[in-house]
Amino acid sequence: MNKGLEPDIIQGTSPRIILHLDMDSFYASVEMRERPELRGKPVVIGADPKQGKGRGVVATCSYEARAFGIRSAMPISQAFVLCPHAVFLPPDFSLYVKASADLMAILKACGFPLEQVSIDEAFLDVSQLGTFPAATKFAVQIKETILTHLRLTCSIGLAPTKVAAKIASDVHKPGGLTVVEPENLVSFLAPMAVRKIPGIGKKSETELFEMGIRTIEDLVTYDIQVLIARFGRSAIALQEIASGIDRSEVKERDGVKSVSREMTFAEDTCDEQLLAATIDALADDVCRNLSDASLYCRTVTVKVRYEGFVTQTKARTLPHFTGDPAIVRRCAHSLLRDIFDGRKIRLLGIRLSSFDTQDARQMTLEV
Ligand code: DCP
Ligand code: MG
């Protein structure tokens, strides 16, 4: 019994200090770095807006574009209506992968446990620094190093838990540094929208809203039995996280977790030739990204969005790591055949995941 309490006791005497760093408007900032004439302008990265007739989505946009209400994942046609004079650019994924690798190299060189969670964000466990003031000083230095070496800005959150650090890094974007000391943890979390908790998506958010739960504090005070009846045993962990209890550790793994490409058709289609040609183009495109990042993958996922936005995905794990477009094409065609039900398709996408580096693969081959 007592053994199980040990981590809490340790945590109580010497709190962990977790740093979460997230780059500001990442793809857009990298583009603005490469093309100084874009600085200060509304820049939107994503599908071609085609004078408002384009059908894809916004990947991201500069903060100048956000002032017009443009956001990630918004239809590009809507972005065009909000700010027709914005600079619209297609994503240059290899450029972003390179900037990401440069960023992670800087973070790795700091010598703390590092967990990369996406192309532009990472956790560092900086508990060794001992105090929050020391960690704050370190965070300021990291921001300066990134600005000097990469000419990019980032936002940082420091907190005793991963969840709180991640929420904190988002509070004062862009360029923010938000410190949540242990004594402020509960009051920091309390007024936040439940959606801020990683893992709570739109669907769970709606369900929680229906139960009258809007803020993290609402979640903390809600009857746990009712929560369990609705969400199962995971409700216990959820309520703990809301209360500031989050034992998850910074896991040392790095690298991009997936690369994907998707295409929205100009008109919904079930033309099998067009679908096949699109799969080929998407497969070639993602494989190019994979090779730019010196990676091989094992899992291929095909995403189909039908008219009316019903979306289906299917994944297959290959027997070997590959970067060969022909293999990815074959697998993607077969997955599409499995899920295609004859309805008109709005969007097709391919995602590659379960990566290995080329070095690791070569090592495997030598064995
Ligand atoms: N991204 C994307 N599609 C999305 C969300 C993000 O392609 N729906 C890409 C583009 C972003 C990058 O991932 O630049 C990082 O995502 P973030 O959520 O961190 O967004 P940004 O870095 O662009 O902006 P922020 O300053 O809010 O972090
Ligand atoms: Mg970011």
Side-chain angles (χ1 to χ4, degrees), residues 15-30 33 59-60 72 91 93-129 132 134-180 188 196-199 241 246-260 289-290 292-295 353-357 359-360:
R16 292 189 302 152
I17 309 175
I18 309 295
L19 183 153
H20 180 259
L21 181 149
D22 187 294
M23 302 303 286
D24 299 325
S25 55
F26 186 53
Y27 292 5
S29 300
V30 174
R33 176 185 72 180
T60 193
S72 287
F93 196 76
S94 54
L95 194 62
Y96 316 141
V97 167
K98 169 78 174 65
S100 175
D102 293 343
L103 167 71
M104 296 305 156
I106 289 177
L107 297 182
K108 210 166 194 168
C110 297
F112 296 108
L114 165 73
E115 178 181 342
Q116 180 177 350
V117 268
S118 81
I119 192 162
D120 83 328
E121 72 184 293
F123 287 104
L124 288 176
D125 185 333
V126 297
S127 307
Q128 296 164 51
L129 291 171
F132 274 82
T136 306
K137 211 168 139 191
F138 169 74
V140 171
Q141 283 168 0
I142 280 278
K143 281 160 69 80
E144 281 169 7
T145 307
I146 290 171
L147 187 61
T148 311
H149 290 274
L150 303 183
R151 286 179 290 124
L152 295 170
T153 67
C154 64
S155 296
I156 291 182
L158 278 172
T161 70
K162 279 173 82 177
V163 168
K166 184 167 166 72
I167 295 175
S169 71
D170 199 42
V171 171
H172 291 115
K173 261 188 170 289
L177 169 55
T178 305
V179 183
V180 184
F188 168 78
K196 295 269 178 185
I197 299 177
I241 283 174
D246 163 24
R247 298 182 190 85
S248 58
E249 287 175 13
V250 172
K251 290 180 212 77
E252 290 220 56
R253 66 182 147 82
D254 50 13
V256 179
K257 283 191 286 190
S258 70
V259 292
S260 56
N289 294 160
L290 202 63
D292 286 343
S294 303
L295 292 168
S353 54
S354 314
F355 293 145
D356 200 353
T357 63
D359 285 352

Approximate separation, where rounding is to 0.5 Å, of [X] [atom1] and [Y] [atom2]:
X    : Y    : atom1 : atom2 : answer
K173 : I156 : NZ    : CD1   : 10.0 Å
K108 : E252 : NZ    : CD    : 8.0 Å
M104 : I119 : CE    : CD1   : 8.5 Å
S29  : L150 : OG    : CG    : 11.5 Å
L19  : F123 : CG    : CZ    : 9.5 Å
I146 : L152 : CD1   : CG    : 8.5 Å

Taking the side chain as everything from C-beta on, heavy atoms only, tell me whether [X] gets closer than 4.5 Å to [Y].
X    : Y    : result
T153 : L147 : yes
F188 : I167 : yes
C154 : M23  : yes
L21  : L124 : no
Q116 : L107 : no

Query raised in the report: Can you list every salt bridge (charged side-chain N to carboxylate O under 4.0 Å, His left out) pair that touches residues 163-172, not counting sequence neighbours?
Result: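 For residues 163-172, and leaving out neighbouring residues, the salt bridge (charged side-chain N to carboxylate O under 4.0 Å, His left out) pairs sorted by first residue read E121-K166, D170-K196.
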So which heavy atom on [X] is nearest to which on [Y], and how close?
X    : Y    : value
I18  : A165 : O-CB, 3.6 Å
F26  : S100 : CZ-N, 3.9 Å
V250 : P113 : CG1-O, 3.7 Å
S248 : K162 : O-CD, 3.4 Å
R33  : R151 : CG-NH1, 3.6 Å
I241 : D246 : CG1-CB, 4.4 Å

Query raised in the report: Please walk me through it: do V140 and L177 pass side-chain contact (heavy atoms from CB on, under 4.5 Å)?
Result: CA-CA 8 Å; V140 171; L177 169 55; 3.7 Å; yes
Requested in this report: Any pair with a residue in residues 135-146 that passes side-chain hydrogen bond (donor to acceptor under 3.5 Å, both in side chains), sequence neighbours left out, goes on the list, sorted by first then second residue, please.
Outcome: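 Residue pairs with at least one partner in residues 135-146: there are none.
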Report task. Mind telling me whether F93 and Y27 have parallel, tilted or perpendicular rings, with 30° and 60° as the class edges? Result ->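 Y27 vs F93 ring planes: perpendicular.
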**Report entry** Any residue meeting ring-ring contact (aromatic ring centres under 6.0 Å, His included) with F112, in chain and number order, not counting sequence neighbours
**Finding:**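 F112: ring-ring contact (aromatic ring centres under 6.0 Å, His included) contacts with F138.
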**Report entry** Residue list, side chain to side chain contact (heavy atoms under 4.5 Å, CB included) with S94, at least two apart or on another chain
**Finding:**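 Partners of S94 by the side chain to side chain contact (heavy atoms under 4.5 Å, CB included) criterion, ordered by chain and then number, come out as D92, D292.
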Report task. List for me each residue that meets side chain to side chain contact (heavy atoms under 4.5 Å, CB included) alongside S72, sequence neighbours excluded, and say none if there are none. Result ->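 Only T60 meet the side chain to side chain contact (heavy atoms under 4.5 Å, CB included) criterion with S72.
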**Report entry** side-chain hydrogen bond (donor to acceptor under 3.5 Å, both in side chains) partner of S155, chosen from D24, T178, D22
**Finding:**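 So the option named by the test is D24.
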Report task. Please list, chain by chain and in numerical order, all residues satisfying salt bridge (charged side-chain N to carboxylate O under 4.0 Å, His left out) with D125, sequence neighbours excluded. Result ->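 Result, salt bridge (charged side-chain N to carboxylate O under 4.0 Å, His left out) vs D125: none returned.
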